[in-house]
Amino acid sequence: MSKYYVDKFLYTTDRDPDLLERYKIEPAAYLDWWEQHLGPRLGDSDAETTSWLAFTDQERTALIAHDYVTLFELGAHFFLSLTIYIGIYNDDYEAATGPLSFQREYRDKLMHWRGKPYPSVIC
């Protein structure tokens, strides 16, 4: 896994409401676009780019499915993963089941990691 590349995706997407909305609505198309346009950038300009970073099939599948449990288990940064999916799901969850309901679900789905080392430390 390229933890850096996955974390870069989570960070850059979460920082921009328009990008976050695109990821929410069409994750596969957005992921392809991101890999072509933002992923290769080094910094905030097009002046420097890289061509060797890419998502693994498992990462791609998890990102498209918004599978934050798998991303966590692969070593994606916990806070970056939590905040992007709060941005995507919080309003819908809150309307249906009240405040912090998505955060509680996130916690519950990761409860099997309680007491174990953080995945990015052991991967």
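Along the sequence shown, residues are numbered consecutively beginning with 1.
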Set out, in order, the CA-CA distance, both residues' side-chain angles and the distance that settles salt bridge (Lys or Arg N to Asp or Glu O under 4.0 Å) for Lys109 and Asp67, then state yes or no. CA-CA 11 Å; Lys109 286 188 174 182; Asp67 184 352; over 6 Å; no

Decide ring-ring contact (aromatic ring centres under 6.0 Å, His included) for Tyr93 and Tyr85; before the verdict, give the C-alpha distance in whole Å, the side-chain angles of both, and the deciding distance to 0.1 Å. CA-CA 11 Å; Tyr93 274 67; Tyr85 294 113; over 10 Å; no

Full working for ring-ring contact (aromatic ring centres under 6.0 Å, His included) between Phe78 and Tyr106: CA-CA 11 Å; Phe78 174 80; Tyr106 189 98; 5.5 Å; yes

Dump the intermediate steps for side chain to side chain contact (heavy atoms under 4.5 Å, CB included) on Tyr30 and Glu21, then the final yes or no. CA-CA 10 Å; Tyr30 173 73; Glu21 186 66 18; over 6 Å; no

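With rounding to the nearest 0.5 angstrom, the OG1 atom of Thr13 is 5.0 Å from the CD1 atom of Ile84. Leu19 CG to Thr12 OG1: the interatomic distance, rounded to the nearest 0.5 Å, is 7.0 Å. Note that CG of Leu80 is 5.0 Å distant from CG of Asp7, once rounded to the nearest 0.5 Å. Note: Asn90 CG to Ser101 OG = 7.0 Å, rounded to the nearest 0.5 Å. Rounded to the nearest 0.5 Å, atoms OH (Tyr11) and CG (Leu38) are 13.0 Å apart. Atom-to-atom distance recorded for Glu105:CD and Thr97:OG1 is 8.5 Å, nearest 0.5 angstrom.
Side-chain contact check for Tyr89 versus Glu94: every heavy-atom pair is 4.5 Å or farther apart. Considering only heavy atoms from C-beta on, Asp32 comes within 4.5 Å of Arg60 through its side chain. The shortest distance between side-chain heavy atoms of Leu74 and Glu59 falls below 4.5 Å. Glu73 is listed as a side-chain neighbour of Trp113, based on a closest heavy-atom distance under 4.5 Å.
Other residues, nucleotides and ligands contribute more than 12 heavy atoms inside 6.0 Å of the CG atom of Asp108.
When all heavy atoms of Pro99 and Arg104 are compared, the pair lying nearest together is O-NH1, 3.1 Å. Across Ser2 and Leu53, no two heavy atoms sit closer than the pair OG-CD2, 3.8 Å. Ala76 and Leu10 make their closest contact through CB-CD1, 4.2 Å (heavy atoms, listed as atom of the first residue, atom of the second, distance). Considering every non-hydrogen atom in both Leu63 and Pro27, the closest pair reads O-CB, 4.4 Å. Here the closest heavy-atom approach between residue Lys24 and residue Ile88 is recorded as NZ-O, 3.4 Å.
Here Tyr68 and Phe102 bring their ring centres to under 6.0 angstrom of each other. Separation of the Tyr23 and His66 ring centroids falls under the 6.0 Å cut-off.
Of the possible polar contacts, none joining the Lys3 side chain to the His77 backbone as a donor-acceptor pair under 3.5 Å is found.
Linking Ile, Leu, Val, Met, Phe, Trp and Tyr whenever their side-chain heavy atoms come within less than 4.5 Å leaves Trp34 and Ile25 in two separate clusters. A single hydrophobic cluster is seen to contain both Tyr4 and Leu31, as judged by linkage of ILVMFWY side chains at heavy-atom distances under 4.5 Å, directly or through other members. Taking hydrophobic clusters as Ile, Leu, Val, Met, Phe, Trp and Tyr residues chained together by side-chain heavy-atom distances below 4.5 Å, Leu110 does not share a cluster with Leu100.
Taking the six-membered ring for Trp and thresholds of 30 and 60 degrees, Trp33 and His37 have nearly parallel ring planes, at less than 30 degrees apart.
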